[in-house]
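Below is one structure, written out as structure tokens; the observations come after it.
Values reported hereafter were calculated over all heavy atoms of this structure, with side chains retained and with hydrogens, waters and symmetry mates removed.
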Amino acid sequence: MTKQKLAVVGNGMAGARCVEEIIKNDSEAFDITIFGSEPHITYNRILLSTVLQGGITFDDLSINDLNWYAKHNIHLFTGETVIKIDALKQIIQTDKEREVSYDKLILATGSVPFFLPVPGADKEGVIAFRTIEDCRKMIECSRHYRKAVVIGGGLLGLEAARGLLNLGMEVSVVHISNYLMERQLDQTASLLLQKELEMQGMNFLLKRETQEIIGNGRAQGVRFKDGTEAEADLVVMAAGIRPNIQLAKDSGIHTNRAITVNDNLETSAANIYAVGECAEHRGIVYGLVTPLYEQGAIAAKHICGIKTQGYQGSVLSTQLKISGVDVFSAGKFIGQDSVKSITAIDEVNGHYKKAVFQDRKLIGAVLFGDTKAGAKLLDLILKHKDISSEEMAVLFQSSSNSAGSLIAEMACSDIICNCNGVTKGSIIEAVQTKELTTIEQVKTCTKASGSCGGCKTAVNELLVYINSDEFDEVIEKKSMCLCTDFTEDEVVHKMQLQNLSSEQEVMTSLGWRNREGCTTCLPALSYYLGKIYPEYENRQKMIFINEKMNAVRQSDELYTVIPQMYGGMTNAEELRKIADTADKYSISQVAVTSEQRIHLMGVKKEDLQGVWADLNMPLSSKGGSYVQNIKTCIGEHICSCNKQQSLQLAVALEKKLDLISTPYRVKIGVSACMHNGAGSTTKDIGIMGMDRGWEMYVGGSSGRNVRAGELLCVASTDDEALKLTCGFIQYYRETANYSERTWQWIERVGLLHIREVLFNQELILQLLHYFERDVSYRKKVMEKVN
């Protein structure tokens, strides 16, 4: 198959992430060419301030080295700028007269620093703070000059100022507003920040508007409109950035403040996308790393032909990266009348915390001095979760414990690094299995703290917690069995990669210690082979010709035939057929089971055809790991509520779930009301009728050790309950290990994570599509094989 040509204009963080996602989605689909105006490979621009502050070196900024480009056959042109796009012919041209055709084009041109349009802005000694070159100029200037003025009291300006202080310069920060970082902080946090930075030696000139840069040839100072002046040998413009959209404008692509894009990140020109700081989505231009990465992921999927819900915008969060100052903000926390807040001020330790609520949902937060709760608060904002009064009360409890109590309380599925989507559990697993000991090692292995660096404190807290006596969250690499050192996931991956299609092939190719296998691995291999190759089916326990001709094999070589009674309901005609058939073929063992089904047991193989023909009704083969027949509540011995709706839902579910195999057998109960007549709360999936719809419980067990199911959600309609049940089962099938029960799986992956998957419209539709495909294909294969 001929590869399509993909061209990327911009080798910054947004463009590089988009390419990474495309390679992840389909590594063979595109021949990729990337142009970058700077003479560097991709580097982390956000960490330039950390270089100035002495925390890292320029070498530490690299994201993808040259080996990465070579490995993926990417044609990289650094120090070369694209100056023209012919959208009709689908050709781009560079300032080195190079022409490249494309099938798909990504514009990731980023932004350019905003220079105040004042006299003297072009003097020597006036620079921006945007690139590696700017950073090097600032370091060189600090070796020869003493005084610096930074114009801009936002995030970028303060980080530049802190870096210049570290370089030994006297620094004044000029800001047009009356308090710092007014877009990211409320006034209380801003004043605390100003006080802390003044103690570090920073000087502030607030409510000042620059009139001109003064000096003969080189900058010597800044004059303000109120007539005052400030001496300066170096002036750093950090008053903002502007989307770099000139190329798009010149090429006839629609722009507003930036290049306008739809939810798929498509521009007005066919086959051209825009991501990052140069893109405007629903009137918003994002300048932080998390939205850039989220946009890149959506654009990559659309380019690869994968359906998505589209980009829906991002919740913004900010973490100030200045040594000795911890500041965090997220969401909406300023200027809304319909909100209420909780604030806490610790004047002794210099801590300030504010949480903003709307209808009991956390929508914004500001932290100063103690930001350990930042990751947890951001997680709550993203999940739009109703928060109880008890939860509100503990939000701002002191987190000064040596091991970090908030980190300890976080679930393994909670996100630590929002930029790269790295969970607490992923970091713990990496630390334990790869013996990581430093933040740098964690970053290299998991990418946590590798983008904006805002989660570095949380990662460090997690490392301290892992190495403390309080830590007991062991996530071990567990091999499939004693025959091999490979985990189940590794075995399945190698089966697919090497096209291994039998138990013996797997054991031979993967070096099983016991070439005969054992009671643990043999059934697991059989299960996974059945998932990978639907035509591979273990026929020892089942005969399936069609829905009216199937049976379960017993241990005594006889068979059990089970008439299917959807919802546990039957009629006189069916009962008469069953009784007559039992008499005719001398079937003496006839049992009514707890699943409300009649089992005809002890049927001889030679009698199967006759039994099937005389019954002439749907049959249920539920031996082994399948969704079992659904238990319902029938009759009025518990209560006299209307059972009809619950029976209809049970019937619909059973017809959907026929023949679906699962990692372990799944039991379902549908109860009409709160009296729980079907024992729904102790089933793998339990559905209980209520006034507001259906309460759905998952992870219950009625075995020797009874477990109550946890409330998954409330489904308002039958259709919603049906979809959520099928989606839950499909996700369980795709991510659980063989023989892992639903409650064990839920404990491992986290109920919150499962909710996030099922309530994501894009993901639930994808799960339902795979569910229908698997059921249909498996039925065809089973009928064909038999």
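Each salt bridge (charged side-chain N to carboxylate O under 4.0 Å, His left out) pair with one or both residues in residues 707-721, not counting sequence neighbours, appears once here: R707-E747, D719-K723. For residues 580-603, no residue pair satisfies the ring-ring contact (aromatic ring centres under 6.0 Å, His included) rule, not counting sequence neighbours.
Under the side-chain contact (heavy atoms from CB on, under 4.5 Å) criterion, N571 pairs with E573, E574, not counting sequence neighbours. Taking the side-chain contact (heavy atoms from CB on, under 4.5 Å) definition, one finds that L765 meets it with Q761, sequence neighbours left out. Applying the side-chain hydrogen bond (donor to acceptor under 3.5 Å, both in side chains) rule to K584 yields the partners D614; only residues at least two apart in sequence or on another chain are considered. By the salt bridge (charged side-chain N to carboxylate O under 4.0 Å, His left out) test, E266 is found to be paired with no residue, residues two or more places apart in sequence or in another chain being considered. For K361, the salt bridge (charged side-chain N to carboxylate O under 4.0 Å, His left out) partners two or more places apart in sequence, or in a different chain, are D386. Partners of H769 by ring-ring contact (aromatic ring centres under 6.0 Å, His included), not counting sequence neighbours: none found. Remark: E772 engages K656 in a salt bridge (charged side-chain N to carboxylate O under 4.0 Å, His left out) (not counting sequence neighbours). Here K447 pairs with E20 under the salt bridge (charged side-chain N to carboxylate O under 4.0 Å, His left out) rule; sequence neighbours left out. In terms of the ring-ring contact (aromatic ring centres under 6.0 Å, His included) criterion, residue partners of Y732 (sequence neighbours excluded) are, by chain and number, W745.
For the residue pair R741/Q744, the side-chain donor-acceptor check at 3.5 Å is not satisfied. Side-chain contact annotation: H281 with D263, donor-acceptor N/O pair under 3.5 Å present. Using a 3.5 Å distance cut-off with no hydrogens or angles, the side chains of E762 and Q766 do not pair a donor with an acceptor.
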May I have the list of side-chain donor-acceptor pairs in residues 294-304 shorter than 3.5 Å, sequence neighbours left out?
{"unit_1": "E294", "atom_1": "OE1", "unit_2": "S314", "atom_2": "OG", "d": "2.4"}
{"unit_1": "Q295", "atom_1": "OE1", "unit_2": "G276", "atom_2": "N", "d": "2.8"}
{"unit_1": "H302", "atom_1": "ND1", "unit_2": "Y273", "atom_2": "OH", "d": "2.8"}
{"unit_1": "H302", "atom_1": "NE2", "unit_2": "N264", "atom_2": "ND2", "d": "3.4"}

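Here Y697 contributes atom OH and M688 contributes atom CE; the two are 5.0 Å apart, rounded to the nearest 0.5 Å. Interatomic distance, L525 CG to M507 CE, rounded to the nearest 0.5 Å: 6.5 Å. The CG atom of L482 sits 10.0 Å away from atom CG of N514, with the distance rounded to the nearest 0.5 Å.
Side-chain atoms of S526 do not come within 3.5 Å of backbone N or O of L522 as any donor-acceptor pair.
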Step-by-step side-chain contact (heavy atoms from CB on, under 4.5 Å) determination, E740 to E488 | CA-CA 11 Å; E740 186 175 31; E488 290 194 34; over 6 Å; no

